[in-house]
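As structure tokens, the structure follows; a few thoughts come after it.
Each residue takes its place number in the sequence, starting with 1.
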Amino acid sequence: MSLLEIGTHIKNLRKAKHYSQNDLENYSGITKRTISKIENGFAEEVGIKKVEILLDILGYEFTLREKGRPRTLEELQDERKDS
């Protein structure tokens with residue numbers, strides 16, 4: 001998954017929770033400018049800790065899976081919920 005895709009997921013999760021970027025800034029201590037860069041794929045490098053903090057606030061966490069492996073039924077269902 002690319003940084004742009006991660007950012008898009010974070011943006012969609014934020015909107016689904018009806019949080020503004022200001023809300024995330026207040027909850028996380030991460031500047032609104034950085035959040036915007038992450039969400040819109042303009043951050044060339046993003047600290048994994050910042051992404052972890054944002055995901056935690058949004059009720060999500062990182063998971064790892066083997067590259068190229070087909071998604072599980074659970075992953076497909078989660079993806080469907082997010083869209």
K17 NZ to I57 CD1 distance, which is reported to the nearest 0.5 Å: 11.0 Å

Pairs involving residues 49-61, ordered by first then second residue, that meet salt bridge (Lys or Arg N to Asp or Glu O under 4.0 Å) (sequence neighbours left out): K49-E52

L55 vs L13 side-chain heavy atoms within contact, under 4.5 Å: yes

Validation row: L24, L58 side chains within 4.5 angstrom (heavy atoms): yes

Linked, directly or transitively: I10 and Y27 (ILVMFWY side chains, under 4.5 Å): yes

Rounded distance [0.5 Å steps], NE2 in H18 versus CG in D23: 11.5 Å

Residues, nucleotides or ligands: over 12 heavy atoms within 6.0 Å of E5 CD: yes

Option among K37, Q21, E25 that satisfies the side chain to side chain contact (heavy atoms under 4.5 Å, CB included) test with T31: E25

Residues in side-chain hydrogen bond (donor to acceptor under 3.5 Å, both in side chains) contact with S36, at least two apart in sequence or another chain: N40

Approximate separation, where rounding is to 0.5 Å, of I38 CD1 and L54 CG: 5.5 Å

Verify same cluster id: I35, I48 (apolar side-chain graph, 4.5 Å): yes

Inter-residue atom distance H9.NE2 - L4.CG, 0.5 Å rounding: 10.0 Å

